[in-house]
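Only one structure is covered here, and it is reproduced in the block below.
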Amino acid sequence: MRFTPKQVIISSAFASALFMVPMVGEASELKLGMSNQEVKELQDLLKAKGFFAYHTSTGYFGPITEKAVKEFQASVHLTPTGIVDKVTYEKLKSSVSTSQPKYYASSVLKIGAKGESVSVLQRHLKTLGYFTYPKITGYYGSVTAEAVKRFQRAYGLAADGVVNSQTLKKIQEAVQRKTEPQSASKQNKGTHSSSVLKLGTKGKEVSQLQLHLKTLGYFQYPTITDYYGIITSDAVKKFQKENGLTVTGIADSLTLAKIRQAIEQKEKSKASEPKKNIYLTIGSMGEQVKQVQTKLKQLGYFTYPTITGYYGSVTAEAVKQFQKSVQLRPTGVVDQTTYEQLMGKQLVKKFDPMNLIADAAELLGTPYVWGGETPKSGFDCSGFLVYVFKKQGISLPRTVATIWNVGTPVNAPSVGDIVFFETHQPGASHAGIYIGNNQFIHSGSSTGVTISKLDNSYWSKRYLGAKRYY
């Protein structure tokens, strides 16, 4: 069954925005991999609510659309499946109100405000690119205030971080301009139709150009910069050369139109590809690339400092190293076999005493609390030991006496061993972690978490011995 479109006019914040809203029949669903006009209309609706942040409604149901659907479903208390069934669609349609959004009824929003009005504000600021926090919280804190200030500065308003009627009007106008569908002539001319981008240009148009060139495999720099430098110019030249254009390195209207055509063709091809096997190679982008990079980093193969979601030469080399380690042909391409081997690889966490000491040192000054076992509540002696060892994947019993009973005795302590003392009762009644140089870190009843010396007159008289737990 197909959708029957009908028009829904979004007033107030979206006064001039007209969206075609499909009627979802009982057997209809929109989901990952689909490509049609109904998907584009779905993206327009999600964009209007601030969930679909991609700059263009493409008509292809990819990972970005799926993520937007999941976030919407969670916001209306539905199971976040990422599939638009009848219930999800009805919720989406009913949530697109023809009346004024709630926060427009409020004259002032500022730090401390809570509720749906703040959630709507945050979604709209996210749509405009100012609210970058990953979740819509419904709480007007410092992050929201900073987003408002950035918006106010960009639109020539007093940057006080308070949403008054003047700021509100500007947000309405900006959201309306961003979310209203482009005219057919605008689409034919391309996103950058009125601009010529060249060396020295800055801004969002450059970011979009770089993203498109990266998708097409021409822009190799690992991050999107918004600055048109030599690397961007070289990427444009390569594209121009391979597409029969004059090689200038300047993204004029003809070049931009060609780039847009190439992107649209790539999206259509991707939509028509069978979704049988995973195949990631240089130029691939998206959530699956992030998953691969994350697992490679956990296993020690991907050494780039950030997870980029872009499959470049660094990722390809990391894949080759992994493939060699599991006796696969080192192609640098993630096929189904490589993916299954990689994702199924169990992490073997190697105990590092220095990591243990680093974790313990961060807690210096935490107060002593009888029975305490968290930084927030404070620590008693054994609670401190249990907490820091657990961070390294090692479970200890809860009391000093039982910790003493299960350890392996050592003649002299090494860094990471536990040293024990007989204090207020016979047997092991206090303990700390040996950190070298005749010192140990522990939670003392009168000091909280602190560092003491083993040869201190008090501790040396009460020293029982040391044991190892790794």
Side-chain angles (χ1 to χ4, degrees), residues 8-19 21 41-55 57 64-65 67-78 80 82 84 87-155 157-181:
V8 175
I9 298 177
I10 312 301
S11 62
S12 298
F14 312 103
S16 63
L18 185 66
F19 297 101
V21 183
E41 291 160 2
L42 166 68
Q43 291 167 336
D44 285 338
L45 286 172
L46 289 167
K47 186 186 287 285
K49 295 302 294 177
F51 292 97
F52 185 72
Y54 193 64
H55 53 77
S57 296
I64 295 174
T65 306
K67 182 173 181 289
V69 170
K70 286 181 178 179
E71 289 178 354
F72 170 75
Q73 288 170 324
S75 75
V76 294
H77 311 295
L78 295 176
V84 181
V87 174
T88 298
Y89 176 72
E90 290 300 330
K91 284 279 188 181
L92 179 61
K93 187 174 66 171
S94 64
S95 73
V96 181
S97 173
T98 57
S99 63
Q100 196 175 37
K102 290 181 183 178
Y103 83 82
Y104 293 132
S106 174
S107 57
V108 173
L109 283 177
K110 56 186 178 179
I111 286 181
K114 300 179 182 179
E116 179 61 21
S117 58
V118 178
S119 297
V120 174
L121 170 65
Q122 290 170 336
R123 289 192 189 105
H124 288 176
L125 288 171
K126 184 179 280 289
T127 298
L128 297 171
Y130 294 98
F131 186 74
T132 57
Y133 193 71
K135 293 182 178 179
I136 302 300
T137 65
Y139 174 71
Y140 199 119
S142 58
V143 175
T144 306
E146 282 303 313
V148 170
K149 286 179 183 178
R150 287 195 292 273
F151 174 86
Q152 290 169 325
R153 282 192 287 268
Y155 284 80
L157 303 171
D160 57 6
V162 175
V163 179
N164 56 21
S165 58
Q166 188 180 18
T167 299
L168 195 56
K169 183 179 178 183
K170 289 289 186 181
I171 292 174
Q172 289 177 316
E173 293 171 351
V175 171
Q176 177 183 327
R177 284 194 300 271
K178 189 171 181 68
T179 56
E180 64 185 1

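Within the 4.5 Å cutoff, the side chain of Lys114 has no heavy atoms near those of the Val118 side chain. Between Leu42 and Leu92, the closest side-chain pair of non-hydrogen atoms falls below 4.5 Å.
Every residue two or more places apart in sequence or in another chain was checked for a ring pair (Phe, Tyr, Trp, His ring centres under 6.0 Å) with Phe131, and none qualifies. Contacts of Tyr139 classified as ring pair (Phe, Tyr, Trp, His ring centres under 6.0 Å), with partners at least two apart in sequence or in another chain: none. When the side chain to side chain donor-acceptor pair (under 3.5 Å) test is applied to Thr144, the partners found at least two apart in sequence or on another chain are Gln122. In this structure, Lys70 has no salt bridge (Lys or Arg N to Asp or Glu O under 4.0 Å) partners at least two apart in sequence or on a different chain. Remark: Ile111 engages Tyr140, Ala145 in a side-chain contact (heavy atoms from CB on, under 4.5 Å) (not counting sequence neighbours). In this view, Ser75 satisfies the side chain to side chain donor-acceptor pair (under 3.5 Å) rule with no residue, not counting sequence neighbours.
Within the structure, salt bridge (Lys or Arg N to Asp or Glu O under 4.0 Å) contacts touching residues 160-171 (residues at least two apart or in different chains) do not occur.
Considering OG1 of Thr167 and CG of Leu109, their distance stands at 10.5 Å, rounded to 0.5 Å. Between Thr127 atom OG1 and Ile171 atom CD1 the span is 11.0 Å, to the nearest 0.5 Å. Rounding to the nearest 0.5 Å gives a distance of 11.5 Å between CG of Leu128 and NZ of Lys126. In this structure, Gln152 CD and Asn164 CG are separated by 7.0 Å, a value rounded to the nearest 0.5 Å. To the nearest 0.5 Å, the span separating CD on Glu71 from CZ on Arg123 amounts to 9.5 Å.
Closest approach of Val148 to Val162, counting heavy atoms only: CG1-N, 4.1 Å. When all heavy atoms are compared, the tightest approach of Ala147 to Leu125 is CB-CD1, 4.2 Å. What you find for Ala159 and Arg153 is that their closest heavy atoms are CB-CG, 3.6 Å.
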